[in-house]
Amino acid sequence: MSDAQRSEPDSTADLLQIQDLHVRIGGSHILQGVSFAVPGSGVTALLGRNGAGKTTTLRAVLGLVPRTGTVVFDGEDVSGRRPYEIVRRGIGYAPEDRGVFGGLTVAENLRLAERDPSPRYDLVYELFPELRTRAKQAAGTLSGGQQQMVAIGRALLNDNRMLLVDEPTKGLAPKIVTEVAEVLERAAATVPILLVEQNLALVRRLTDRAVLIAEGRVAYTGTLSDDPERLQELLGVSRV
Amino acid sequence: GSPQQAATGGDGASSAPVKVGLVYSKSGPLASYGKEYLEGFKAGLDYATKGSNKVGKRTVEVTEVDDAGDPAKAVAGAKDLIGKGHKIIAGSTASGVAVQVSALAEQNKVLFVSGPAATDAVTGAGKYTFRSGRQTWQDIRTAAASLGDVKGKKVTVFAQDSAFGQANVAAVKSVLGGAGATADEIMVPASTSDFTPFATKAHDAKPDLLFVAWAGTTAQAMWTALGQQGVFDVTTVVTGLDIAATWPTYGPVAGKISFLSHYFAGAGGTEAEKAMTDRVTKAGGTVDLFTVDGFTAAQMIVHAAGSTNGAAGDDADAMVKSLEGWSFDGAKGKLTVRAEDHALLQPMFNAKLTGGATPRAELVKKLEPEAVAPPVATKK
Amino acid sequence: MTAIVKRWWPLAALAALVCVPYLQIPVPGVLPDVLNRPGSLQLIAICLLFAGFAVTYDLLFGHTGLLSFGHALYVAAGSYTANIVVTKLHWGWGPALIATAGVGLLLPVLLGAVALRVRGIAFAMVTLAFAQVGSILVMSARITGGEEGLSLSDTPEIFAGVANTFRLYWLALAYLVLVVLVVRWSVESEPGRVWRAIGDNERRVTVLGLSPYRFRLLSYVLSAFLATLGGVVHLLLLGGSNPQITTSAFTVGLLVMTVLGGAGTRWGALLGGVLYTYLDQRLAALAGSDAVAGLPAAVRLPLEQPQFILGVLFMVVVYFLPGGLAGLSQHLAGLSRHWRRAT
Amino acid sequence: MSTLVLLTLTGLGLGALYFLIASGLSLIFGLADVLNFAHGLFLGVGAYATWWAATYAPFGVAVAVGVLAGTILAVAVELALIRPLYARPIQQVLVTVGLSAAGVALLQAGWGADPLTFTKPGWTATTTRVLGAAVPNDRFLLIGAAVAVFAALLLFLRRTRYGLIVRAGVEDRAMVTALGIDVRKAFTVVFAIGGAAAALAGALAATYFGSITPGLGGSLLIFAFIVVVIGGMGSLTGCALAAVLVGLVQQFANYYAAAGVGEASVVLLLAVVLLVRPGGLTGRTAT
Amino acid sequence: MTSTVLAVDGLSWNAGGARIVSDVTFDVAEGEFVAVIGPNGAGKTSLFNLISGVQRASGGTVTLDGADITREAPQRRARRGLGRTFQTSSVFASLTVIENVRLAAAAHRGSCLRLWRRASSDAAALAVASEALERVGLADRAREIAGSLSHGDKRKLEIAILLATDPRVILLDEPMAGLGAGDVPALTQVIRSLDRTILMVEHHMHVLLDLADRVAVMHHGALLAIDTPEKIMADPTVRDAYLGEPL
Ligand SMILES: Nc1ncnc2c1ncn2[C@@H]1O[C@H](COP(=O)(O)OP(=O)(O)OP(=O)(O)O)[C@@H](O)[C@H]1O
Ligand SMILES: Nc1ncnc2c1ncn2[C@@H]1O[C@H](COP(=O)(O)OP(=O)(O)OP(=O)(O)O)[C@@H](O)[C@H]1O
Ligand SMILES: [Mg+2]
Ligand SMILES: [Mg+2]
């Protein structure tokens, strides 16, 4: 156990605080007491190997999986709230598997996400012009990358106070990966982001702050550059 | 013991009760027919045993089995009854049940007195099968009798496309066709939800007589359609009178229909009918179409079982012999069990409905049993 | 010890069932008569037969994921074909069985080949349509006796008469055993795995080089064939054919049995079939009992409706026992394991 | 000529009746993906409530009472039975099968199995002469009501977000919540509207048939299924088209062909449409 | 140069009123490894769908071993030795890991319609399956239900399924997508060891450069270029349309 794990975050500056989060699904104990905090600005990276529990952590924050422990958002304990209530407090979510509604058109997907009286379509269309040209296409027939654009677009549409973004560059062409990185960078200037990402190069470009999850627990909290060896060891060892 | 021994129950001691099984619709779509039948049966039993509920020295023990209109339940119930030593079974509100239970009775040599089921198939179905109600043939004969001379007239049957409707068509063709009328039919699917096309056909056919054979919950829509398409302006319409609860469904055309009736409260005008009405009313019921079927069944059973001071209650062959050719005074009038095919010869009625929204039935004419007797069915 | 019990209890249960006609045990309330009397045997036989139907339905629904609303068609085809050949054509039982087997193969091959071109609810509706046409034909044709049904004129000597009900009972039991063995075997066979796989991911099956259509058709024909055979047992058991077995309500009944017991599980459909049929047959008798007659009208009237009780029971199972009754037994097994470990 | 007019107008009337019954079914099926077997029960409850109220109040008020009863029932069903099962779509359908059986039995326990007479209100009991054909006025009532319901439902789907939410919710309920939407409310609203439409159909079917039975809904439901499926599951426009088609085909086949061909032809029409176009007349869309 | 195994000639596909794959022509030689790259929505997956028969082409031909298979159903093509994986993991979620692979082996051996045979008694298929699992490193998870595997393990399982059907031509659609940095080298190793004729869509450039003999670039449904990795990487239009600035 590293010391970093036990270090208490400064509660006044932290927008999101997670304490002792446990998730059990169908007999398996997936999260076993995850605790960390996300400050009110910039990007915080949530790293870990496949199956470590990153996605589950994000879903648990939103209450999409049954969980115990406390989640405090902006000083308010939201642990007992329903997912839509938590989201309405200003959290945008771009899920790992994109979560687009295949039977709905691109326009309908975006319309569904509208929460503010004046959604920021201009921003979304500026970033992903394809979403405008494909407005009437069923989202299920979009290419993988195009679906990713819809997912990120939906999260950016509203004036959120925090974004939870799960592997946004999965399946994107290198050029788009760069573009997405720019988008996230720009977004992070105004809204804090909790980012799950496998592409370490991209993570490094966006932030130096990381939380590392291994086997359902927080294995490391701190900066990426602090202890690169240890980080490499935690992330890079193949199981094969 | 062996399975076969186990199956032959009933001790047959002469002081044991006479066991009668009623397999009928206590629940299900024909529950109200079943209720009438049961009330009639109880009254008939009381009447025929003069209040003692005994034939000779033996009490009559009635077991009710609800078939819910489902032949599978009826067969299971009947087998149970036979297995428990019942030699007498009555009931069957639905034709499908009657056909199936009759076959069972024949196999097992058990007396079976079929109830309200009108199907001709039960007549002549076998040695042990009898009926306490009327059959389709008698309905048709009644309709024909009200016509007078039909020679050269055109008769159209407006019939449900089902065994019931087809039997009516066949009977009309045979009865009226035989008397010199030309008969044709308009077959209507039982599940039809709009009768307009058929009503238009009936109107366009312009027959001298339109015979309507319809059983089912959509009767009201059918009568409305016939009325609206002006069928009553071009022809005389005849149909069978159903139970009193359905009379309002004839709607505004009720007064224009000539009804043939198996029975309605007060039609018989006999002593037995009075006795039946008293008993049924006292028990909290009302006399209606199928009350007589139950009443008659009880009379037949008491007679059959009592033929040798009650001993015959376990001997189906003796009971058959005592019933064949037997004439008696029933609620409807004089009834005769025809020996050849076990048809129940009985009076029938012509009636009309009066009184608008709450109709009452009025007797137009009582037809003697011989006038409406069905042809002898060939024994199987 | 427990392993032995686990392995052999089906055989023990079967042996007990075979012996039932020799057991003169009174079971008041549960059965209409002493255990080995015709009334009781007929009731149990119907339960076993319908359990057999439910198992054939489960092959389609539970194991292949095909929701059919037309299974009744095959039961009816079996019953009516045999009956017409015997009663109307007087060809005797040998030809009747051959004709029925022929119909039981040909009809599902033809109809299945067409219906399986569509999937999901569309498949359900096409099968419903076929069955509905069958029902309309049976209801209005002369040769079938329409809504009155057709009683069997020539029952084989060994089954005739109430005294021989025990043979019908054995026949129904034999049918159920046959169906269970065939279905169990087919599910464990190679095609059985493919059925499961198709349910998971059809496209993947295709690119493995397998044609989902053929495998579905195989399941459909097998299930329909078994149901057609059951139709003959039904004919003998009832001594006739009746149009109730052609209706979509009959198929929905099978669906309910399957789900009640637990679709796609080892014993689910069988359990559900027995329970549903037993209740369906017996509730009327119970509802008519004196105990119910004494209740106030508001309670009594619903209780006198067997369909009400069955409907509510079904909802309760769907609601609280997602895996059906079979799920319940697993649940209980889990609890007892838990309990054993705790002590 | 007059026969043609009569058959066409009554065929349209029949189609209108089918549409009224099918529209609620189609709405719930198309949006919430629940094949609601209890739709016939909603319809029956609407009919019985209207019948009951008609003895105390004028026809219009009675229909309103019927619709209200159907709506309340539908909402209760959604809250108590459908909502807790949202993760188990097959169970949702099955629970409606059980509900339908129990509910119809309950109607029968309360009012008996025999038909209850439903007196047609004044004008609808008479006929109007159109080009020599005596067209029953209740057909005009049916057609009018069907058009009104069609328009209202289209407005609901086009102008509100409920349709969108429910369609998305069927695909991925958790994701809709993750967008900050209370998806449960939308489902309840859709059920309420489906129930109201069913109950209205029940009230009008009662007027049309002039009598009601507990099984009324059940026997009409099969036609409603056929219409919904021919129309393309869940497409309201398709549903309307299919209803008219089925009504006309049935009416003309019954007059010009042999008896029974009408019913059988509709069933065969269903099989043919599905085999040629598995998605129904229109593809699968909810508007 | 060895013989041509797969030939695509003028292949086109229209959907939703648009031309999604337009006039694609290329040959693949025996044992060759061709990487397919291109921006998102370029039509790579669609091209694979057309070759494997999951979609019917609107025009053009696909030839496998000299036989025209353009009109054949996907299962026929699979039996000819054409195997593929999907962009989103697609395994049989309710079967165990070993069953997934065994089924594939049985399918390949053509023993699947044998109703009289118990699935579990097929020892030969089982042996093939175990070996395939061994090769992708899933042997220790053989008894688990496939649906509960993590994303990375599902991807490995897909490769194992593919191995069991012993295809001669393999289409891999983004097998590395979503894999952690730790797993990528291992899976790369597995793919290299397949030693078959392979077409692979992948966005991980280093993996691709490592494995590919030739690289095909798709853009707006058309084949922009097909050449050696070095030449392609140097091509300015490719850089512009696909690679962009490195991070
Ligand atoms: N619904 C579920 N049921 C059972 N197990 C689950 C479920 N969801 C996740 N798991 C398991 O929980 C573990 C963590 O999953 P999670 O998706 O959170 O990992 P992850 O870190 O996001 O991995 P990846 O990088 O592959 O996306 C995995 O082993 C997975 O198999
Ligand atoms: N059925 C369809 N109807 C309309 N457009 C479609 C359909 N299927 C695919 N498309 C479009 O075709 C294009 C190619 O899609 P495809 O999935 O082949 O892309 P891809 O090259 O695999 O992209 P990615 O790398 O993002 O997976 C996309 O623009 C997609 O939106
Ligand atoms: Mg993840
Ligand atoms: Mg792709």
Side-chain angles (χ1 to χ4, degrees), chain B residues 1-9 26-28 31 64-84 94-104 106-110 117 119 121-122 125 160-167 170 187 189-191 215 380, chain C residues 20-24 31-43 45-46 50 136 139-142 144-153 155 160-170 234 237-245 277 280-281 283-285 287-288 304-307:
Chain B
S2 85
Q4 241 140 354
Q5 281 166 351
T8 49
K26 189 171 184 158
S27 63
E64 294 172 30
V65 174
D66 181 8
D67 64 26
D70 173 7
K73 292 196 184 86
V75 168
K79 281 195 177 178
D80 181 35
L81 292 170
I82 297 170
K84 283 176 176 162
S95 291
V97 169
V99 168
Q100 219 103 315
V101 174
S102 158
L104 204 59
E106 294 302 326
Q107 273 178 16
N108 294 289
K109 308 197 180 357
V110 171
T119 175
V122 168
Q160 198 169 39
D161 194 8
S162 64
F164 161 76
Q166 284 159 3
M187 299 306 284
S191 58
K380 277 179 202 155
Chain C
V20 159
Y22 296 97
L23 304 175
Q24 197 156 354
L31 291 174
D33 199 349
V34 171
L35 184 59
N36 65 345
R37 290 291 191 73
S40 303
L41 288 178
Q42 173 80 10
L43 176 65
I46 290 182
F50 275 79
I136 291 175
M139 285 282 197
S140 55
R142 262 146 214 275
T144 58
E147 80 277 14
E148 288 172 8
L150 185 64
S151 67
L152 180 62
S153 67
T155 311
V162 163
N164 284 323
T165 306
F166 70 97
R167 294 218 178 92
L168 286 173
Y169 165 85
W170 277 333
H234 190 265
L237 208 51
L238 261 71
S241 315
N242 58 75
Q244 267 92 341
I245 58 173
T277 314
D280 186 37
Q281 299 284 321
L283 276 177
E304 281 177 357
Q305 302 284 343
Q307 282 300 310

Checklist entry - Is the closest side-chain heavy-atom distance between C:V162 and C:Q42 below 4.5 Å? => result no
Checklist entry - So what's closer than 4.5 Å to chain B heavy atoms on C:I245: side chain, backbone, both or neither? => result neither
Next on the checklist: Closer than 3.5 angstrom, by distance alone: can the side chain of B:Q160 be matched with the main-chain N or O of B:A215 as a donor-acceptor pair?
Outcome noted: yes
Next on the checklist: Checking B:Q107 against C:T155 for the side-chain hydrogen bond (donor to acceptor under 3.5 Å, both in side chains) test, could you report, in this order, the C-alpha distance in whole Å, the side-chain angles of both residues, the deciding distance, and whether it holds?
Outcome noted: CA-CA 9 Å; B:Q107 273 178 16; C:T155 311; 2.8 Å; yes
Item to check | Interface moiety of C:L43 toward chain B, non-hydrogen atoms closer than 4.5 Å | outcome: neither
Item to check | When C:E147, C:M139, C:H234 are compared by non-hydrogen pairs under 4.5 Å with chain B, the top option | outcome: C:E147
Next on the checklist: Any heavy-atom pair between the side chains of B:K79 and C:L168 that's under 4.5 Å?
Outcome noted: yes
Next on the checklist: Counting heavy-atom pairs under 4.5 Å with chain C, which one of B:V65, B:T119, B:D66, B:D80 comes out on top?
Outcome noted: B:D80
Next on the checklist: Under 4.5 Å from any heavy atom of chain B, what part of C:S153 do you find: side chain, backbone, both or neither?
Outcome noted: neither
Checklist entry - Among C:T144, C:D280, C:L150, C:L152, which has the most heavy-atom pairs under 4.5 Å with chain B? => result C:D280
Next on the checklist: Out of B:A72, B:G165, B:A103, return the one with the most heavy atom pairs under 4.5 angstrom to chain C.
Outcome noted: B:A72
Next on the checklist: Is C:Q244 close to chain B through its backbone or its side chain, or both, or neither, when contacts mean heavy atoms under 4.5 Å?
Outcome noted: side chain
Item to check | Electrostatic pair B:D67-B:K26, nearest N-O below 4.0 angstrom | outcome: no
Next on the checklist: Whether the side chain of C:N164 engages the backbone of C:A160 through a donor-acceptor N/O pair (distance < 3.5 Å, no angle test) should be reported.
Outcome noted: yes
